[in-house]
Peer 1: 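The following block contains the structure, expressed as structure tokens.
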Number of protein chains: 2
Amino acid sequence: MNDTSPAGSALLQVDAPHRELLDQVLDKWSLQVLDVLCGKDLRFNELRRAIPAIGQKSLTASLRRLERNGMIERVVLQTRPVAVEYRIAPVGNTLNELVDALLRWTTENMPEVEQARERFDAVEG
Amino acid sequence: MNDTSPAGSALLQVDAPHRELLDQVLDKWSLQVLDVLCGKDLRFNELRRAIPAIGQKSLTASLRRLERNGMIERVVLQTRPVAVEYRIAPVGNTLNELVDALLRWTTENMPEVEQARERFDAVEG
DNA sequence: CGGTATCCCATGAGATACTG
DNA sequence: CAGTATCTCATGGGATACCG
């Protein structure tokens with residue numbers, strides 16, 4: 001690759017399948033759903049309580065998307081009335097490890113980020 | 001932590017500062033802007049050509065956000081007419097390494113993801 | 001060249017009501 | 001309990017025109 005070739009990975013382009021997958025599993029709510037399910041299996045309403053800010057509609061959409069991509073499994077327990085349990089799939093666990101790495105990155109770099117923000121806001125203030 | 005404690009990292013909650021930082025530097029376009037700038041420094045219109053799908057407005061917004069958080073630097077070259085160059089900051093480079101890890105994850109798990117999608121789509125068809 | 005300003009629309013997501 | 005259906009609204013982002 002010489003210095004006139006286009007930089008950047010094609011996998012990150014908005015229409016690329018890899019990028020589409022990232023968008024579907026790392027969206028606003030799925031990040032958190034995945035995270036709480038890594039701790040333990042939970043039922044629908046337990047998830048709602050674990051993530052108080054989420055709405056029914058968003059939780060349902062997030063669960064369906066994560067299930068469709070194989071990150072979690074939906075288990076219908078044959079009780080009366082029926083109960084539904086969600087559990088993390090192995091591949092979902094590997095994704096969560098990367099999310100944890102992102103979280104560690106934010107923690108390590110937060111001081112530097114806040115200094116940058118102060119400098120920026122001071123100029124354009 | 002026993003098995004009745006709430007699962008999940010508080011840092012991922014929607015109003016947490018760490019989460020807000022992730023949202024600001026990993027949004028739809030910033031991911032790609034960061035990526036192409038990791039290869040080489042680029043001017044505004046060079047960035048537009050490197051990311052054809054991006055609009056002026058989105059590019060400007062993305063660059064400002066990345067600059068404010070210290071991920072990139074905006075350098076005004078004193079030429080005639082004035083030129084502006086954007087370059088990745090060290091902290092931006094460390095972030096890009098994590099994004100690369102995410103991309104590798106998608107590549108490794110794409111076959112399994114596609115199988116999961118087929119199973120899901122076959123049932124709810 | 002490197003933006004800013006304005007209008008417009010599609011999507012995400014909250015609130016609320018209802019159902020097997 | 002575990003959703004579905006509907007309405008509404010805020011935000012992101014595309015298109016276009018203009019500016020120093």
Side-chain angles (χ1 to χ4, degrees), chain A residues 12-15 19-20 22-34 36-37 41-69 72-87 120 123-125, chain B residues 12-15 19-20 22-34 36-37 41-69 72-87 120 123-125:
Chain A
L12 274 173
Q13 287 170 15
V14 283
D15 54 346
R19 173 56 184 273
E20 188 194 323
L22 283 183
D23 289 342
Q24 289 198 17
V25 298
L26 296 181
D27 64 287
K28 177 176 179 180
W29 293 114
S30 297
L31 222 54
Q32 248 190 291
V33 171
L34 213 56
V36 299
L37 284 179
D41 303 348
L42 290 175
R43 312 246 305 262
F44 187 82
N45 284 306
E46 290 176 327
L47 276 164
R48 291 194 69 185
R49 285 188 287 275
I51 312 172
I54 203 171
Q56 278 185 345
K57 186 174 148 186
S58 298
L59 179 55
T60 301
S62 176
L63 288 170
R64 291 290 169 278
R65 223 170 13 239
L66 288 173
E67 186 195 357
R68 188 173 113 87
N69 288 290
I72 63 174
E73 291 163 19
R74 182 180 186 268
V75 184
V76 179
L77 306 172
Q78 296 304 331
T79 57
R80 273 263 160 201
V82 290
V84 179
E85 201 169 76
Y86 292 92
R87 68 175 55 141
F120 185 92
V123 174
E124 58 82 55
Chain B
L12 274 174
Q13 287 170 12
V14 283
D15 54 344
R19 173 58 185 272
E20 187 196 320
L22 283 183
D23 290 342
Q24 290 199 16
V25 298
L26 295 181
D27 64 286
K28 178 175 179 181
W29 293 115
S30 296
L31 221 57
Q32 246 189 294
V33 171
L34 213 55
V36 299
L37 284 178
D41 304 346
L42 290 176
R43 311 248 305 261
F44 187 83
N45 284 307
E46 288 176 328
L47 276 165
R48 293 195 69 184
R49 284 188 287 273
I51 311 172
I54 203 172
Q56 276 186 346
K57 188 176 151 184
S58 298
L59 178 54
T60 301
S62 177
L63 288 169
R64 290 292 168 278
R65 222 169 15 240
L66 288 172
E67 186 195 358
R68 188 174 113 87
N69 288 291
I72 63 173
E73 292 163 18
R74 180 179 187 270
V75 183
V76 179
L77 305 172
Q78 296 305 332
T79 56
R80 274 265 161 203
V82 173
V84 178
E85 200 168 76
Y86 292 92
R87 67 175 58 142
F120 185 93
V123 174
E124 57 83 57

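Below, chains carry the letters A, B, ... as their sequence lines are ordered, and counting in each starts from 1. Worth knowing before you read on, the calculation uses all heavy atoms, side chains too, and leaves out hydrogens, waters and symmetry mates.
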Peer 1: Sub-3.5 Å donor-acceptor pair from the side chain of B/Thr60 to the main-chain atoms of B/Gln56, do we have one?
Peer 2: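 Between the backbone of B/Gln56 and the side chain of B/Thr60 there is a qualifying donor-acceptor contact (under 3.5 Å).
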Peer 1: Measure CG/A/Leu31 against C1'/C/dA13 and give the value in whole Å, please.
Peer 2: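 Distance check: A/Leu31 CG to C/dA13 C1' gives 17 Å.
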Peer 1: Any side-chain N or O of A/Arg48 below 4.0 angstrom from OP1/OP2 of D/dC1?
Peer 2: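 Answer no for this pair, as no side-chain N or O of A/Arg48 is under 4.0 Å from OP1 or OP2.
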Peer 1: Which residue pairs satisfy the salt bridge (charged side-chain N to carboxylate O under 4.0 Å, His left out) criterion with at least one member in residues 43-58 of chain A, sequence neighbours excluded?
Peer 2: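 Every pair satisfying salt bridge (charged side-chain N to carboxylate O under 4.0 Å, His left out) with a residue in residues 43-58 of chain A: there are none.
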Peer 1: Do any side-chain nitrogens or oxygens of B/Tyr86 fall under 4.0 Å of OP1 or OP2 in C/dG3?
Peer 2: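 Affirmative; the distance criterion is met.
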Peer 1: Under the side chain to side chain contact (heavy atoms under 4.5 Å, CB included) rule, what do B/Ile54 and A/Val14 come out as? Steps first, then yes or no, please.
Peer 2: CA-CA 9 Å; B/Ile54 203 172; A/Val14 283; over 6 Å; no
Peer 1: B/Val84 and B/Phe44: side chain to side chain contact (heavy atoms under 4.5 Å, CB included), yes or no, with the steps?
Peer 2: CA-CA 7 Å; B/Val84 178; B/Phe44 187 83; 5.7 Å; no
Peer 1: Choosing from C/dG14, C/dT4, D/dA2, which nucleotide comes nearest the side chain of A/Ser58?
Peer 2: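 The closest nucleotide is C/dG14.
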Peer 1: In whole angstrom, give the distance that lies between atom CD of B/Glu85 and atom P of C/dG2.
Peer 2: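 Checked: the CD to P distance equals 10 Å.
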Peer 1: Heavy atoms from C-beta onward define the side chain here; which of D/dG13, D/dA2, C/dA13 lies closest to that of B/Trp29?
Peer 2: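 Minimum distance to the B/Trp29 side chain belongs to D/dG13.
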Peer 1: So does B/Arg43 get a side-chain nitrogen or oxygen closer than 4.0 Å to the phosphate oxygens (OP1/OP2) of C/dC1?
Peer 2: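 False: B/Arg43 side-chain N/O out of range (4.0 Å or more) of C/dC1 OP1/OP2.
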Peer 1: For the atom pair NZ (B/Lys28) and CG (A/Leu12), what is the distance rounded to the nearest 0.5 Å?
Peer 2: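 Taking NZ in B/Lys28 and CG in A/Leu12, the distance rounds to 13.5 Å.
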Peer 1: How long is the line joining CZ of A/Arg64 and P of D/dA2, in whole Å?
Peer 2: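 A/Arg64 atom CZ is separated from D/dA2 atom P by 11 Å.
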Peer 1: For the pair made of CD1 in A/Ile54 and C1' in D/dA2, what is the distance, rounded to whole Å?
Peer 2: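 Spelled out: CD1 on A/Ile54 to C1' on D/dA2 is 14 Å.
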Peer 1: Does a side-chain N or O from A/Lys28 land closer than 4.0 Å to OP1 or OP2 of D/dG12, or not?
Peer 2: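 Negative; the distance criterion is not met.
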Peer 1: Round to a whole Å and report the spacing from CG of A/Asp15 to P of D/dG13.
Peer 2: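 One finds 15 Å between P of D/dG13 and CG of A/Asp15, rounded.
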Peer 1: Report all interatomic pairs (protein N or O, nucleotide N or O of nucleotides 16-19 of chain C) with separations under 3.5 Å.
Peer 2:
unit_1 : atom_1 : unit_2  : atom_2 : d
C/dA17 : N6     : A/Gln56 : OE1    : 3.4

Peer 1: So does A/Arg74 get a side-chain nitrogen or oxygen closer than 4.0 Å to the phosphate oxygens (OP1/OP2) of D/dG3?
Peer 2: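 Indeed, a polar side-chain atom of A/Arg74 lies that close.
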Peer 1: To the nearest 0.5 Å, tell me how far B/Arg65 CZ sits from B/Asp23 CG.
Peer 2: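 Reported to 0.5 Å precision, the distance equals 10.0 Å.
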Peer 1: By a strict heavy-atom criterion of less than 4.0 Å, which residues belonging to residues 76-83 of chain A are in contact with DNA chain C?
Peer 2: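 The stretch gives none, as no residue of it lies under 4.0 Å from the strand.
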Peer 1: Got A/Gln13 and A/Arg19 here, is their nearest side-chain heavy-atom distance under 4.5 Å?
Peer 2: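 Counting from C-beta outward, A/Gln13 and A/Arg19 never come under 4.5 Å.
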Peer 1: If we only count heavy atoms from C-beta on, is the B/Ile72 to B/Arg74 side-chain gap below 4.5 Å?
Peer 2: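 The answer is no; the side chains never approach within 4.5 Å.
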Peer 1: Measure CD/B/Glu67 against P/C/dG2 and give the value in whole Å, please.
Peer 2: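 After rounding, the reported distance stands at 14 Å.
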Peer 1: Can you tell me how far P of D/dA2 sits from CD1 of A/Ile72, to the nearest Å?
Peer 2: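 Those two atoms, CD1 and P, are 13 Å apart.
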Peer 1: Report yes or no: does A/Ser30 contribute a side-chain atom to a donor-acceptor pair with the main-chain N or O of A/Leu26 at less than 3.5 Å?
Peer 2: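 No; judged by distance alone, with no hydrogens or angles, the pair does not exist.
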Peer 1: Which heavy atom of B/Leu66 sits nearest a heavy atom of B/Val33, and at what distance?
Peer 2: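 Shortest heavy-atom contact: CD1-CG1, 3.8 Å.
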Peer 1: Rounding to an integer number of Å, can you tell me how far B/Leu26 CG sits from D/dG12 P?
Peer 2: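 For the pair B/Leu26 CG and D/dG12 P, the rounded distance is 16 Å.
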